[in-house]
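Okay, so here's the structure we're looking at.
Letters go in sequence order (proteins before strands), and every chain restarts at 1.
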Number of protein chains: 2
Amino acid sequence: MKRPTIADIARRAGVSKGAVSYALNGQPGVSEATRQRIVAIAQEIGFNPNSAARALSGASARAVGLTLCRPARILSIEPFFMGLISGFEAELAARSYALTLQVVSTPEQEVEVYRRWWGERRIDGVIVTDLRENDVRIPVLQQLQLPAVVIGGPGDTGKIAQVWSDDAGAITETVRYLVALGHRRIARVGGLPDLLHTRTRTRAFEDVCTSLGLNEAVTMPSDYTGEEGGRATRRLLIGADRPTAIIYDNDVMAIAGLAVAQEMGLAVPGDLSIVAWDDSPLCSLVHPPLTALSRDIAEYGAHAARELLAAIDGKQVGNVEAGTAHLTPRGSTAPPR
Amino acid sequence: MKRPTIADIARRAGVSKGAVSYALNGQPGVSEATRQRIVAIAQEIGFNPNSAARALSGASARAVGLTLCRPARILSIEPFFMGLISGFEAELAARSYALTLQVVSTPEQEVEVYRRWWGERRIDGVIVTDLRENDVRIPVLQQLQLPAVVIGGPGDTGKIAQVWSDDAGAITETVRYLVALGHRRIARVGGLPDLLHTRTRTRAFEDVCTSLGLNEAVTMPSDYTGEEGGRATRRLLIGADRPTAIIYDNDVMAIAGLAVAQEMGLAVPGDLSIVAWDDSPLCSLVHPPLTALSRDIAEYGAHAARELLAAIDGKQVGNVEAGTAHLTPRGSTAPPR
DNA sequence: AGAATTCACTGAACCGGATAAGTTGACGAG
DNA sequence: CTCGTCAACTTATCCGGTTCAGTGAATTCT
């Protein structure tokens, strides 16, 4: 089947290619009657502008890029990224932008992908996740002047827009809640230590523990996998002064932690309270259902997409807070016995 | 920053645009010495061919499309699709094809997306998941002559390539195993009833139960969500003749089913054995760990991507079996008490 | 030696849109 | 009645690659 082009439309409408282009793009230069005739013909023959031709002459490729930097086995189980993608899509599809995805394994590879995409003019902008301290991607994006929105801050991204959630506030609220229940020994199983939001959480955790007079604020670093989360939990629970409550940086690790507690004969929440960060349907499925820090991840993603589209349109965008988590108490938290 | 073009390279090398194109694409028409000089210059200035220009003149857009047709809340929690995507990516990235993603909510929308992508010449081929009976997408893809690979069969897809796993064999093996353990009342919580592979599983389940002389083979339809899976489990377990084993069409529903059993005071595996289809790390995390039908989903996806790339290259591709699930016994199955 | 072939490369057309610059014809003002 | 203005187009050029039809020189063949 041959794809229809504006030349086909022009022929059928008895006008020039230029007129068709003006008509379909809502530009001035054609009469309303002609415009409607052209639009009707385009509809009828099912015309879609060739994105390559459009990208070649005009500016926009009408596509944005997203790289995912996690091993496959984590990607598949972590609900976070899929939620984010769903959110992006809702916004992008509404403005008929395409989403181009690439899975990488290191930030350096990610930089390579950005450079290639930019060189290929394949995308108009990127969404950057997992901000790190002194992130190598930031200077490259600035140098390429590639519109971008960074998720995972707040951090130092120069003029690049950010969408972030107030993790420090969320963890402070959580610790206060646990202390109010009577807990004094609270530990945390953290995410990848390199990520900026992990550091933010760790610092906030330490600060609030200090200010509430808790003697120590142990954070076991981990990598978001259930395996590691379970291992970290085991290490926390075999100590003499084992914690009575643990906060996990994602839901998968929290579920693994729950399994470890049960395996060690500890009652949840009687002997151990558990809080999961990021609420997915999984948290309500296990027994007891997990108290979680819920946030609307899809909306978070949608917000980022809106900011990115604004940046691509040349609007000035800055630093936006969105999708801060709030505590959803369920059966996994209670006063310590 | 200005993007380098072949004209820039041509100028620096003192040759014509055409020569550069031949050199970089490994075409004959330039001497080896010149080719190396040109390649070196391209490397040095970090040249990437403009994908739009390439797609416009040549044939290939060097991109393939994937649509995901599930509500956001299922997508985020279902490890299957992310596993599939990881697998695709591994193959696509190796041949520097991009993956374009679109989330839709109905097969009709999916058809629209295919038409648009085709018209825009945005992609060279698509991967089609969730094959249905009399699938509306198949005739459209044939009409557009859009290279495609279908996952979720086997089914009738005409000349379009398929990659499928032997679900019938897997469920037969599972039922035989449960029967060998001593189970006589085996039920199943199925996936979306419209999907062809759900039907395949249901029919195979019924067949094997009949051939083994089990009186009934109840399949409760569901939608892959934990909620529905839990509900279906509850309905199965409140009956007088409650099953002693349940097979779930995905891992999320199996975990939900486990929670329901525990909530109802049934011991797993003592009172109820549970088998999950598709093994994710989640299955090993819960307590007891779930016996599962494991398959390498990423490899399944990689296989599909390879077939698609072959189809795009104009090679004849047919009907390939890949990634059939095999039973991985864990703690959730045992002889009935 | 002269013709034929091969090699290495150039120049120009082309893909399908966007868009700046030029060309009509109608209309209103002076 | 003529000039200027404006709407409604057309024409031509450009984007950055690919590719085909030359072209001149070197090599091979007879």
**Asked** Are N48(B) and W117(A) close enough, and set up right, to give a side-chain hydrogen bond (donor to acceptor under 3.5 Å, both in side chains), and what steps lead you there?
**Response** CA-CA 8 Å; N48(B) 287 101; W117(A) 277 346; over 6 Å; no
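Here the side chain of R54(A) is nearest to one of dG17(C), dG17(D), dT10(D), namely dG17(C). Among the nucleotides dG17(C), dT10(C), dG17(D), the one closest to the side chain of N50(A) is dG17(C). Closest to the S16(A) side chain, of the nucleotides dT10(D), dT10(C), dT19(D), is dT10(D). With distances taken from any side-chain atom of T34(A) to the nucleotides dC9(D), dG16(C), dT10(C), the minimum falls on dC9(D). The listed nucleotides are dG17(C), dC9(D), dT19(D); the one nearest the side chain of T5(A) is dG17(C). The side chain of L56(A) lies closest to dG16(D) when the candidates are dG16(D), dA18(C), dG17(C). For S31(B), whose side chain is taken as the heavy atoms from C-beta onward, the closest listed nucleotide among dG16(D), dT11(D), dA8(C) is dA8(C).
When atom types are taken as modelled, the side chain of R137(B) and the backbone of V111(B) share no donor-acceptor pair closer than 3.5 angstrom.
Closest-nucleotide positions on DNA chain D for A52(B) and G18(B) were compared, and the one nearer the 5' end corresponds to A52(B). Between A53(A) and R37(B), the residue anchored nearer the 5' end of DNA chain C, judged by the nucleotide with its closest heavy atom, is R37(B).
In this structure, Q36(B) places its CD atom 16 Å from C1' of dA8(C), rounding to the nearest Å. Nucleotide dA7(D) holds its P atom 15 Å from the CD atom of Q27(A), rounded to whole Å. One atom, CD of E120(A), and another, C1' of dG16(D), lie 13 Å apart when rounded to the nearest Å. Between N48(B) atom CG and dG17(D) atom C1' the separation is 13 Å, expressed in whole Å. Rounded to whole angstrom, the span from the CD1 atom of I9(A) across to the P atom of dG16(C) amounts to 13 Å. Taking atom CD1 of I6(A) as the reference point, atom P of dT11(D) lies 14 Å away to the nearest angstrom. Rounding to whole angstrom units, CZ of residue R121(A) and C1' of dG17(D) are separated by 13 Å. Distance, R11(A) CZ to dG17(C) P: 12 Å, rounded to whole Å.
Contacts of V15(A) with the nucleic acid, taken as non-hydrogen atoms under 4.0 Å apart, involve only primed sugar atoms and P, OP1 or OP2. Among the protein residues, G14(B) comes within range of the sugar-phosphate backbone only, with heavy atoms under 4.0 Å from sugar or phosphate atoms but none that close to a base.
Salt-bridge formation is not detected for the pair E120(B)/R62(A): no Lys NZ or Arg NE/NH1/NH2 atom is positioned less than 4.0 Å from an Asp or Glu carboxylate oxygen.
Dashed line: the shortest gap from a side-chain N or O of S21(B) to OP1 or OP2 of dT18(D) is under 4.0 Å.
Between the side chain of Y22(B) and the base of dC20(D), a donor-acceptor pair under 3.5 Å is found. Side-chain atoms of K17(B) and base atoms of dG11(C) include no donor and acceptor less than 3.5 Å apart.
When each of D156(A), I151(A), T157(A), L195(A) is paired with L131(A), the side chain to side chain contact (heavy atoms under 4.5 Å, CB included) condition holds for T157(A) and for no other.
R122(A) and T100(A) share no side-chain donor-acceptor pair at under 3.5 Å.
By the 6.0 Å contact criterion, CD on Q43(A) is open, its count of non-hydrogen atoms from other residues, nucleotides or ligands being 12 or less.
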